[in-house]
Protein chains: 2
Amino acid sequence: MQPDRVHVESSVGYALKQAAAALRGAMDTALRPLGLTVPQYACLELLGSSPGLSAAELARGAFVTRQSMHAVLTGLEQRGLLARPPAAPRGRALPTQLTERGVAVLDEASRAVARVEQRMLGALASTDDVARLHRDLVACAEAVASADDVATRG
Amino acid sequence: MQPDRVHVESSVGYALKQAAAALRGAMDTALRPLGLTVPQYACLELLGSSPGLSAAELARGAFVTRQSMHAVLTGLEQRGLLARPPAAPRGRALPTQLTERGVAVLDEASRAVARVEQRMLGALASTDDVARLHRDLVACAEAVASADDVATRG
DNA sequence: GAGCGTATGTCAGGCTGCTGACATGCAGCC
DNA sequence: GGCTGCATGTCAGCAGCCTGACATACGCTC
């Protein structure tokens with residue numbers, strides 16, 4: 001069946017937005033006691049798993065523009081949670097590193113977000129379901145992103 | 001296994017955000033030729049399936065605040081795509097209806113978005129997978145939303 | 001070496017959406 | 001009837017994020 005119209009009740013896209021909005025709200029409330037916003041947390045988490053990322057790479061990983069990430073990095077740097085070299089060792093990219101305090105804050109924030117995610121995934125029956133959901137979401141993202149590329153370039 | 005930390009590569013929440021961001025971008029490019037933003041389209045689609053919704057109900061359905069929806073409604077009303085009575089027939093809620101032009105614009109927009117969603121779902125193997133993804137997303141949204149309620153109220 | 005394309009960092013301006021606040025209308029309970 | 005609680009519509013103010021622009025640095029080609 002190839003529906004040529006969207007129906008709100010059965011639309012996967014609508015359910016996707018619904019789940020993303022709910023997760024965003026829950027993360028906001030979980031991170032507020034730590035004084036972190038979701039973009040700030042995303043930045044820390046990316047740096048935790050991939051130290052030395054540049055601002056542009058962080059921006060792509062957090063789904064924001066370079067300019068927005070620039071503001072996030074400035075704030076986190078002033079709070080002493082991360083450090084950047086004053087000059088670029090190669091090209092223009094400034095490799096960013098978490099400070100000791102940044103690692104500590106990330107550790108606490110990551111645990112808080114993990115609890116939220118666990119509660120969300122409690123709605124699923126088995127770990128197989130979780131793995132399949134993850135795989136399907138990544139596949140959907142790639143499919144629709146490539147389609148967007150075609151539309152943008154064409 | 002109960003991970004107490006988030007790992008970007010395996011996080012369902014990250015994949016969810018990724019898919020939602022990609023879908024949002026693709027919808028933006030698909031709707032731009034029609035002169036519609038995503039919130040405007042969402043408003044039309046909700047009215048199409050449920051005529052007579054109030055601004056507050058539309059806001060909840062589109063995952064924005066009443067204030068944002070108010071601005072969307074004002075714009076669409078000036079373009080003649082929807083109509084609201086000058087006075088509330090009951091309480092304060094103003095039941096909103098699509099105009100003939102609004103129905104026509106929605107029809108075209110809905111087809112464009114359906115094409116995007118079809119391309120996204122092309123990444124999945126069967127219609128069973130689509131149905132399961134839809135069901136799992138709705139379940140996740142409910143689970144994390146109720147958790148957020150508890151956190152907010154407590 | 002010169003030129004072009006691309007990627008990055010950064011600044012300025014504007015637009016969107018949110019928080020906070022207030023007035024209005026309905027339902028409940030005393 | 002009067003009061004409280006709640007939902008809705010609307011206004012003002014503010015933060016966040018984006019678009020546009022520019023300078024710089026690398027890789028490639030000629």
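The structure displayed is predicted, hence computed values, not measured ones. By convention in this document, chain letters (A, B, ...) are assigned in the order of the sequence lines, proteins followed by strands, and residues within each chain are numbered from 1.
For the atom pair CZ (B/R66) and CZ (B/R60), the distance works out to 9.0 Å, reported to the nearest 0.5 Å.
Contact between A/E117 and B/V12 at its shortest, heavy atoms only, is OE2-N, 2.9 Å.
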Step by step, would you call A/L106 with A/L98 a side chain to side chain contact (heavy atoms under 4.5 Å, CB included)? CA-CA 9 Å; A/L106 167 59; A/L98 290 180; 3.7 Å; yes
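For A/R60 and C/dT8, the shortest distance from a side-chain N or O to OP1 or OP2 is below 4.0 Å.
Straight-line distance from the CZ atom of B/R66 to the C1' atom of C/dA23: 12 Å, rounded to whole Å. At whole-Å resolution of the value, CE in A/M69 and P in C/dT8 are 13 Å apart. Distance NE2 (B/H70) to C1' (C/dC18): 15 Å, rounded to an integer number of Å.
First and last contacting nucleotides of DNA chain D toward chain B (any atom under 4.0 angstrom from a heavy atom, 5' to 3' order): D/dT8 to D/dC11.
Linking Ile, Leu, Val, Met, Phe, Trp and Tyr whenever their side-chain heavy atoms come within less than 4.5 Å puts A/V113 and A/V38 in one cluster.
Sequence order on DNA chain C of the closest nucleotides to B/V72 and A/Q67 puts A/Q67 first from the 5' end.
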Would you list the atom pairs, donor with acceptor, under 3.5 Å between side chains in residues 41-56 of chain A and any protein atom, with sequence neighbours excluded?
unit_1	atom_1	unit_2	atom_2	d
A/Y41	OH	A/E45	OE1	2.6
A/E45	OE1	A/S110	OG	3.1
A/S49	OG	A/L46	O	3.3
A/S54	OG	A/E57	N	3.3
A/S54	OG	A/E57	OE1	3.2

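Applying the salt bridge (Lys or Arg N to Asp or Glu O under 4.0 Å) test to A/R132 and every residue at least two apart in sequence or in another chain returns A/D129.
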